[in-house]
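Notes follow the structure.
Only this structure's heavy atoms are used, side chains among them; waters, hydrogens and symmetry mates stay out. Indexing begins at 1, ligand by ligand and atom by atom, following the structure's order. Just so it is clear, the structure is predicted and the values come from calculations on it, not from any experiment.
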Amino acid sequence: MRSIFDLTLEKLEEELVNNGFKKFNATQVFEGIYKQKHTSFLDITNISKELKKYLTENYSLEYLKVEEKLTSDTADKYLLNLNDSFVEVVLMKQSYGNSLCISSQVGCNMNCAFCESGRLKKQRDLTTGEMINEVLTIEQYENIRIDNVVIMGIGEPFDNFNNIKDFLNIITCNKGIDLGSRRVTVSTCGLVPKIKEFADLNTQVNLAISLHAADDETRNKLMPINKAYPISEVLKAIDYYTKKTNRRVTIEYILLDKINDSKEDAIKLANLLKGKLVYVNLIPYNSNSTDFKRSSKERIEAFFDTLTKNGINTQKRREMGKNIKGACGQLRAAKEKQGE
Ligand code: SAH
């Protein structure tokens, strides 16, 4: 049965009208499931018996099962059961609120050399409803409100663009969950045509781009997608996006020991980004089953200093969830190995 969480308000309106109900019933249903958090259609008070029956017979309203929870002092990680597979989310309780990092696919086809998710080929895209359900399930399980959502878990969100588009529509819809667009961030490895399409949506949703290298030779080795969309193309897409939206783009850069963390790398990166509406987020590498090592504190500091001295806005990402396999794909990879 189809999940009710798959449908944007507009799609639900259409479905209901096509089945003899009124357009405004869709708003009542949205408020019932997302604001009052009813877990049965029968509990929605202001709708007709016929509508309750129709919804119950045609849509599921079930949350996901939490299969496993790992806790650390900075972040909690959950493995959620999708019936045919598992997916991970990470909850970070920060001074500015609760941030949830959600997954967009089961596995990933991008095959980045340093990333655990790419080791398990993509099995399928997550549906819109499953992604909405990642948020609802954690809110219910922990009895909290999620204040920020980052789509930086397993998967490449722009390789699942249509479902992501509906997800963003639903999560920010003021008749439902009503999360501010600026509280949502999508992270991509750099699928250039989709970055442009995303810019054309004209939302206030934040965009982050995983760059991780300042020249094509290095980036080709780390991220195979660079062969299709090299750095120059990614930079052009960033310009298109900032011109269209006037919004700052986050550049993610994992520091890998002796691979992309020299002073020359920092200068190259500064030259690429000079004058652009961006800021750089330096990410300490979470070691996993690959051979890459995290850069030393000294090299991270030096890289940071070179960028800032060259006028680039830069932040060091506070490390979270190191001991709970916090980085992309690690918990799911461990679970799949258990099952082997
Ligand atoms: N596919 C998207 C989103 C998922 S990955 C993207 O590439 O942006 C989210 C971020 O985590 C990316 O910047 C990714 O490069 C990074 N990441 C993956 N493995 C990591 C690790 N072991 N340590 C630190 N960051 C990692």
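Leu126 is listed as a side-chain neighbour of Val106, based on a closest heavy-atom distance under 4.5 Å.
Of the heavy atoms in Ile154, none comes closer than 4.0 Å to ligand 1.
Residue Gly153 approaches ligand 1 through these ligand atoms, each under 4.0 Å from one of its heavy atoms: 4 (C). Taking every non-hydrogen atom of Tyr285 and a distance limit under 4.0 Å, the qualifying atoms of ligand 1 come out as 21 (C), 22 (N), 23 (N). For ligand 1 and Gly155, the ligand atoms under 4.0 Å from any heavy atom of the residue are 1 (N), 2 (C), 3 (C), 4 (C). Near Phe114, with a cut-off below 4.0 Å to any heavy atom, the atoms of ligand 1 are 15 (O), 18 (C). When each atom of ligand 1 is checked for a heavy atom of Cys189 under 4.0 Å away, the hits are 6 (C), 7 (O), 8 (O).
In this structure, Lys175 does not pair ionically with Glu13, as no charged nitrogen and carboxylate oxygen lie closer than 4.0 Å. Checked for salt-bridge contact, Lys93 and Glu142 miss the test: no charged N lies under 4.0 Å from a carboxylate O.
Nearest to atom 15 (O) of ligand 1 by heavy atom, out of His212, Arg294, Glu252, is His212. Counting only non-hydrogen atoms, the option in Cys115, Ser103, Ala208, Pro157 that gets closest to atom 19 (N) of ligand 1 is Cys115. Scanning Ser210, Ala113, Ser187 for the heavy atom closest to atom 12 (C) of ligand 1 points to Ser210.
Under 3.5 Å, the side chains of Asp261 and Tyr253 contain no donor-acceptor pair of N or O atoms. Remark: the Thr188 side chain and the Glu156 side chain contain an N/O donor-acceptor pair separated by less than 3.5 Å. Looking at Gln28 and Asn25, their side chains do bring a donor and an acceptor atom within 3.5 Å of each other.
Residue Glu252 places its CD atom among more than 12 non-hydrogen atoms of other residues, nucleotides or ligands, all under 6.0 Å distant.
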